[in-house]
J.: 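I am attaching a structure below and will ask some questions about it afterwards.
The structure displayed is predicted, hence computed values, not measured ones. Reckoned from all heavy atoms, side chains included, excluding hydrogens, waters and symmetry mates. Here is how names work: the chains are called A, B, and so on, in the same order as the sequence lines, proteins then strands, and each is numbered from 1.
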There are 2 protein chains.
Amino acid sequence: MIKYSKQRQAIKNQLLNRGDHPTAETLYSELKPSMPNLSIATVYRNLKQLEGMGEITIIITDGATRYDYNVKPHAHFFCNKCGAVLDIDTDREQIVKIGQENFSGSIEGYEVNFYGTCPDCMTKSRA
Amino acid sequence: MIKYSKQRQAIKNQLLNRGDHPTAETLYSELKPSMPNLSIATVYRNLKQLEGMGEITIIITDGATRYDYNVKPHAHFFCNKCGAVLDIDTDREQIVKIGQENFSGSIEGYEVNFYGTCPDCMTKSRA
DNA sequence: TTTGCTGCAAATTCTTTGCACTGGG
DNA sequence: CCCAGTGCAAAGAATTTGCAGCAAA
């Protein structure tokens with residue numbers, strides 16, 4: 001049985017409020033001030049548990065793993081200039097269809113990552 | 001200037017001959033018998049260098065990083081049953097278009113991973 | 001000869017685990 | 001009460017780095 005814990009609640013809130021894709025370390029250091037004896041292990045344990053319950057999604061990146069509250073199927077965009085990680089809405093049907101075209105197995109899930117220059121950096125470099 | 005090294009050559013060959021997506025550890029243990037004082041550090045260094053030169057592609061996975069000789073744009077398929085990593089040909093244009101539909105930045109590259117049951121496992125479970 | 005490459009081992013980084021303790025149900 | 005959840009520190013796994021010797025160019 002899953003019990004309530006204020007640590008888990010705080011982690012969920014933080015992820016939800018940020019709306020972006022922080023690492024476990026980031027969440028930890030943001031929560032630490034208000035919960036001085038929070039442990040990084042607790043953060044990892046809860047993130048893993050939340051993922052198991054389907055409440056969050058993990059994003060495997062070079063270096064550290066990132067976590068995402070978003071439930072809707074979408075893709076991620078990694079800016080090569082500033083390192084930002086953004087969401088891009090994509091149509092599940094279309095993606096799966098493309099994969100299925102040249103593959104006879106069964107596709108149950110997918111993950112799409114785009115790389116390039118984010119709108120912000122494009123604006124900056126134009127200035 | 002990049003110098004020839006038999007270690008690097010061996011790593012490239014192994015990657016090319018296998019045709020699949022081994023981890024650095026796998027390559028290392030396969031080459032070790034014929035090169036007894038090969039070091040895992042050398043394997044990592046060369047894989048990173050080859051990636052920088054564009055000769056190979058890295059695939060970031062849960063756990064360990066995998067390496068791929070394939071240059072053509074394609075997607076990867078991860079079998080949830082047997083853990084196999086396979087290639088799926090995909091059309092670059094189509095994928096980038098889908099991303100671009102809801103995003104104003106510039107998409108320069110992408111990576112697509114599919115998850116599901118591979119043809120082999122489908123056959124087995126049917127038996 | 002010069003400078004990249006190698007092997008080795010130690011160091012890092014990210015994440016997980018063991019354990020005694022606390023607190024929700 | 002009982003067991004999931006916690007904090008801490010130690011353990012792990014994957015990868016990187018420092019350095020002295022070796023070997024391409």
Side-chain angles (χ1 to χ4, degrees), chain A residues 1-15 18 20-68 76 78 83 85 113, chain B residues 1-15 18 20-68 76 78 83 85 113:
Chain A
M1 180 234 300
I2 290 174
K3 289 181 184 172
Y4 169 88
S5 101
K6 59 165 155 305
Q7 287 86 344
R8 181 162 45 244
Q9 191 57 50
I11 291 167
K12 282 172 59 173
N13 281 344
Q14 193 66 13
L15 211 41
R18 291 186 53 106
D20 65 347
H21 318 82
T23 61
E25 272 298 340
T26 303
L27 290 170
Y28 172 68
S29 52
E30 287 174 345
L31 294 172
K32 189 77 175 170
S34 50
M35 308 180 84
N37 36 15
L38 173 67
S39 152
I40 186 71
T42 298
V43 176
Y44 276 109
R45 273 189 291 234
N46 278 303
L47 287 171
K48 186 166 265 196
Q49 193 194 55
L50 289 167
E51 201 234 338
M53 304 190 303
E55 293 207 38
I56 66 174
T57 303
I58 77 172
I59 312 174
I60 297 162
T61 323
D62 201 353
T65 303
R66 287 160 177 282
Y67 300 84
D68 187 353
H76 292 108
F78 299 82
V85 183
N113 299 320
Chain B
M1 181 235 300
I2 290 175
K3 289 180 185 171
Y4 170 87
S5 100
K6 58 164 157 302
Q7 288 85 344
R8 187 179 318 120
Q9 192 56 51
I11 290 166
K12 281 172 60 171
N13 281 344
Q14 192 66 14
L15 211 41
R18 292 186 52 106
D20 64 347
H21 318 82
T23 61
E25 273 297 341
T26 302
L27 289 171
Y28 172 68
S29 51
E30 287 174 344
L31 294 172
K32 189 76 175 171
S34 49
M35 309 181 84
N37 35 16
L38 173 67
S39 151
I40 185 73
T42 298
V43 176
Y44 277 108
R45 273 189 291 234
N46 278 303
L47 287 170
K48 186 166 264 195
Q49 193 194 55
L50 289 166
E51 201 234 337
M53 304 190 302
E55 293 207 39
I56 66 175
T57 304
I58 78 171
I59 312 174
I60 297 159
T61 323
D62 200 354
T65 302
R66 287 159 179 282
Y67 300 83
D68 188 354
H76 291 110
F78 300 82
V85 183
N113 299 321

J.: Is the closest side-chain heavy-atom distance between Ile11(A) and Val43(A) below 4.5 Å?
T.: yes
J.: Which nucleotide of DNA chain D is the first, and which the last, in the 5' to 3' direction, to come under 4.0 Å of a heavy atom belonging to chain B?
T.: dA14(D) to dA25(D)
J.: Please report the shortest heavy-atom distance between Val85(B) and His21(B), naming the atom on each side.
T.: O-ND1, 3.2 Å
J.: What are the residues of residues 26-33 of chain A, sorted by number, that bring a heavy atom to within less than 4.0 Å of DNA chain C?
T.: none
J.: At what distance, to the nearest 0.5 angstrom, does OH of Tyr67(B) lie from OG1 of Thr57(B)?
T.: 12.0 Å
J.: Apply ring-ring contact (aromatic ring centres under 6.0 Å, His included) to Phe78(B) and list each qualifying residue two or more places apart in sequence or on a separate chain.
T.: Tyr115(B)
J.: Not counting sequence neighbours, list each pair that qualifies as a side chain to side chain donor-acceptor pair (under 3.5 Å) and has a residue in residues 37-47 of chain B.
T.: Arg8(B)-Asn46(B)
J.: Which part of the nucleic acid does Glu25(B) contact within heavy-atom distance under 4.0 Å: base, sugar-phosphate only, or nothing?
T.: nothing
J.: Please report the interatomic distance OG1(Thr65(A)) to CD1(Ile60(B)), rounded to the nearest 0.5 Å.
T.: 10.0 Å
J.: Which comes earlier along DNA chain C counting from the 5' end, the contact point of Thr65(A) or that of Lys6(A), where each point is its nearest nucleotide?
T.: Thr65(A)
J.: Indicate yes or no: at least one non-hydrogen side-chain atom of Met53(B) is less than 4.5 angstrom from one of Ile2(B).
T.: yes
J.: In terms of the nearest nucleotide of DNA chain C, which residue is placed more toward the 5' end: Met35(B) or Met1(B)?
T.: Met1(B)
J.: Which nucleotide span of DNA chain C, 5' end to 3' end, has atoms closer than 4.0 Å to non-hydrogen atoms of chain B?
T.: dT3(C) to dA9(C)
J.: Could you tabulate the donor-acceptor pairs under 3.5 Å formed by side-chain atoms of residues 24-35 of chain A, not counting sequence neighbours?
T.:
| unit_1 | atom_1 | unit_2 | atom_2 | d |
| --- | --- | --- | --- | --- |
| Thr26(A) | OG1 | Thr23(A) | OG1 | 2.9 |
| Tyr28(A) | OH | Lys32(A) | NZ | 3.2 |
| Ser29(A) | OG | Glu25(A) | O | 3.1 |
| Ser29(A) | OG | Thr26(A) | O | 3.2 |
| Glu30(A) | OE1 | Gln14(A) | NE2 | 2.7 |
| Glu30(A) | OE1 | Arg18(A) | NH1 | 3.1 |
| Glu30(A) | OE2 | Arg18(A) | NH1 | 2.2 |
| Lys32(A) | NZ | Pro36(A) | O | 2.7 |
| Lys32(A) | NZ | Leu38(A) | O | 3.0 |
| Ser34(A) | OG | Leu31(A) | O | 3.1 |

J.: Heavy atoms, side chains only, cut-off 4.5 Å: are Ile56(B) and Leu47(B) in contact?
T.: yes
J.: In residues 38-48 of chain A, what residues come within less than 4.0 Å of DNA chain D, judged by heavy atoms?
T.: Leu38(A), Ser39(A), Ala41(A), Thr42(A), Arg45(A), Asn46(A)
J.: Look at all strands and tell whether Thr23(B) reaches a base, only sugar-phosphate, or nothing, counting heavy atoms closer than 4.0 Å.
T.: nothing
J.: Taking only residues two or more places apart in sequence, or in another chain, which ones meet Lys12(A) in a salt bridge (charged side-chain N to carboxylate O under 4.0 Å, His left out)?
T.: Glu55(A)
J.: How bent is the helix from dT1(C)-dA25(D) to dG25(C)-dC1(D), comparing axes over its five end pairs at each side, to the nearest 10°?
T.: 40°
J.: Between Tyr67(B) and Ser5(B), name the one whose nearest nucleotide on DNA chain D is closer to the 5' end.
T.: Tyr67(B)
